[in-house]
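Chain naming here is simple, since letters A, B, ... match the order of the sequence lines and numbering starts at 1 in each.
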Protein chains: 2
Amino acid sequence: MARTALPPPAVPGTAGAFPVTVDVVALTVRGAALHALVVDRLLEPYRGQAALPGGFVLPGETLEQAAGRELEEETGLTVPAGVTGTGPWHLEQLRTYGPLGRDPRGPVLSVAYLLLAPAFGLPAAGGDAAEARWVPVGGTTAHLAFDHDRILADGVERARAKLEYSPLAAAFCPPEFTVAELRGVYEAVWGTHLDARNFHRKATGTPGFLEPTGRLGGSGPGRPAELYRLAAGVDPTAAVLHPPLLRQVSPGPAAPSA
Amino acid sequence: MARTALPPPAVPGTAGAFPVTVDVVALTVRGAALHALVVDRLLEPYRGQAALPGGFVLPGETLEQAAGRELEEETGLTVPAGVTGTGPWHLEQLRTYGPLGRDPRGPVLSVAYLLLAPAFGLPAAGGDAAEARWVPVGGTTAHLAFDHDRILADGVERARAKLEYSPLAAAFCPPEFTVAELRGVYEAVWGTHLDARNFHRKATGTPGFLEPTGRLGGSGPGRPAELYRLAAGVDPTAAVLHPPLLRQVSPGPAAPSA
DNA sequence: TCGGCTTTTCGTCAAGGTGACGAGAATGTA
DNA sequence: TACATTCTCGTCACCTTGACGAAAAGCCGA
């Protein structure tokens, strides 16, 4: 292609120009376990291997738009526009992985995003990648392409840490949910067991977190639970839980002597 | 320069290639206030205006290398190699700011870094930018070039949040410091006043945070203080303070009635 | 219909953390 | 030497947390 008349940017000639990809760590809670979304690559490199959904940023796109487009193309998941904010779904930038030594095609910059979603979106295979599927995190996580193993680990760790001091666990839940569902999210993400009674006290007692709807939900055995929603006007990105819901750290207290 | 025989990367032709800059939010505590490092730009755009130190990433560089190089070129600050870890100094990636609408020269990606440093490094003017200087944060922060106001705000907020649950305050201190110096860091970054006695109890009582050196320091009036250092083997990036040192949130409790 | 069983929700209680504050120790200064 | 200043250690009331008991309110099988 001939050099077009597009005005070359007045950046110094020594500056490099890098292809930029966007990779998405999409997490959800299915059953009682945390799952991540992976796709099987159709193209080289790493053809046939599992990878995080993602792809190159096109000219004229924002990073968020690229993340949403790639997700939709490869997995059929349609992220509601502009959902870096409230409600179920939560999209936030994770971090950027440097241009060197991570892509056999050469220096490529990758901006990773973290998506927390309720479990209802079963991905439909299609687009640039075959067979999008949820894989349990921490289990048989086969090696992912590129440095996606590390990106996935960073995303999971970010999610775990954020549950402590932000109302982000609600991003995994439908718009209205029970305290038990919310507790299930914490248990799945942290991989721990939480006392239902204490969790109920803390979750409902934390100001600016939950808001009762007045309705009842749940059809299983046992007493029906009250339905809650995220407190109105809460931006899960910025809101802070006080006091935080801290996970246990010292798992091994000294065994009481006889 | 003619097209060299370097194998063109096999990235899709539709993928964009973006110039990438690295901008550094360098924070320190001087006196009793948090300060940020800014430089005056010598080149267009925004010539003469204050901006965060930074510049374009060169081919063959990692992002961290670019951050260190730009800092050294523009401010004379030499960041010790590989100090994403322990000790004074702390460099971590902040976030990436999208390619659209942030540079008049066209789409430019900017990866921002956060540097926490002790106060000893008085920057020497030179390099690509004139007059590097510390400006107090939150005070007369004149408008910075590009979207650097937002980047600075994000960096300050990250630093404030990280002090709560990480031993990162020590990055602002010399290798050995007193509890009062450490408290001064918290007070400057958070902009609050902390009770010296309670802070002493929490800081020295938190496991895995401080380690007494046995020596005494401080030459001002009053009883000399013991010198501490960061506990051995602590990686401030990953270590977590339990319990966290939480800042006050609800400043207005109900006034007790008569 | 009627006990079990399960789950939610509310209380109780001891242990430990937190903020407010008193007081002694150890220094510089007038 | 008297005083101010700062560091360090204690005390005490209040709150949160974790462990756990128990009532409420629905299913399920006999």
Side-chain angles (χ1 to χ4, degrees), chain A residues 32 164-165 173 176-187 190 192-207 209-228 240-256, chain B residues 32 164-165 173 176-187 190 192-210 212-228 240-256:
Chain A
E164 289 193 338
Y165 54 90
C173 297
E176 299 192 351
F177 50 88
T178 67
V179 177
E181 291 182 84
L182 191 68
R183 175 168 48 88
V185 168
Y186 279 88
E187 292 179 331
W190 287 347
T192 60
H193 173 74
L194 299 174
D195 184 88
R197 297 157 292 186
N198 291 333
F199 182 86
H200 187 276
R201 180 185 52 194
K202 285 186 72 166
T204 58
T206 299
F209 189 12
L210 299 184
E211 201 173 61
T213 66
R215 263 165 314 210
L216 296 180
S219 59
R223 174 176 174 174
E226 289 188 52
L227 281 174
Y228 289 83
V240 175
L241 249 43
H242 269 267
L245 279 151
L246 296 180
R247 27 181 178 166
Q248 301 266 52
V249 166
S250 47
Chain B
E164 288 193 338
Y165 55 91
C173 296
E176 299 192 351
F177 49 88
T178 67
V179 177
E181 289 182 84
L182 191 68
R183 176 167 48 87
V185 168
Y186 279 88
E187 291 180 331
W190 286 348
T192 59
H193 173 74
L194 299 174
D195 184 89
R197 298 157 291 188
N198 291 333
F199 182 85
H200 187 277
R201 180 185 52 194
K202 285 185 72 166
T204 58
T206 299
F209 189 13
L210 298 184
T213 66
R215 262 166 314 208
L216 297 179
S219 59
R223 174 176 172 175
E226 288 188 53
L227 280 175
Y228 290 84
V240 175
L241 249 43
H242 271 267
L245 280 152
L246 296 179
R247 23 179 181 167
Q248 301 266 54
V249 166
S250 48

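The nearest whole Å value for the distance from the CG atom in A:L182 to the P atom in C:dT8 is 12 Å. Note: CZ (B:R247) to P (C:dT18) measures 16 Å, nearest angstrom. Between the CZ atom of B:F199 and the P atom of D:dC9 there is a distance of 15 Å, given to the nearest Å. For the pair B:L194 CG and C:dT18 P, the computed distance is 13 Å after rounding to whole Å. Residue A:E226 contributes atom CD, which lies 16 Å from atom P of D:dA24 at whole-angstrom precision.
Residues B:Y165 and A:L246 fail the side-chain proximity criterion, which asks for heavy atoms closer than 4.5 Å. Considering only heavy atoms from C-beta on, A:L227 stays 4.5 Å or farther from A:L216 through its side chain.
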Tabulate protein N/O versus nucleotide N/O from nucleotides 10-17 of chain D, keeping only pairs under 3.5 Å, one per line.
residue	atom	partner	partner atom	Å
D:dT17	OP1	A:K202	NZ	3.4

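Comparing B:L216 and A:R223, the nucleotide of DNA chain C nearest to each residue sits closer to the 5' end for A:R223. Nearer the 5' end of DNA chain D, as judged by each residue's closest nucleotide, is the contact made by B:T204, out of A:L246 and B:T204.
Not one side-chain nitrogen or oxygen of A:H200 sits closer than 4.0 Å to the OP1 or OP2 atom of C:dT8.
Axis angle between the ends of the helix from C:dT1-D:dA30 to C:dA30-D:dT1, five pairs each and rounded to 10 degrees, works out to 0°.
Comparing C:dG28, C:dT7, C:dT9 by their closest approach to the side chain of A:P221 singles out C:dT7.
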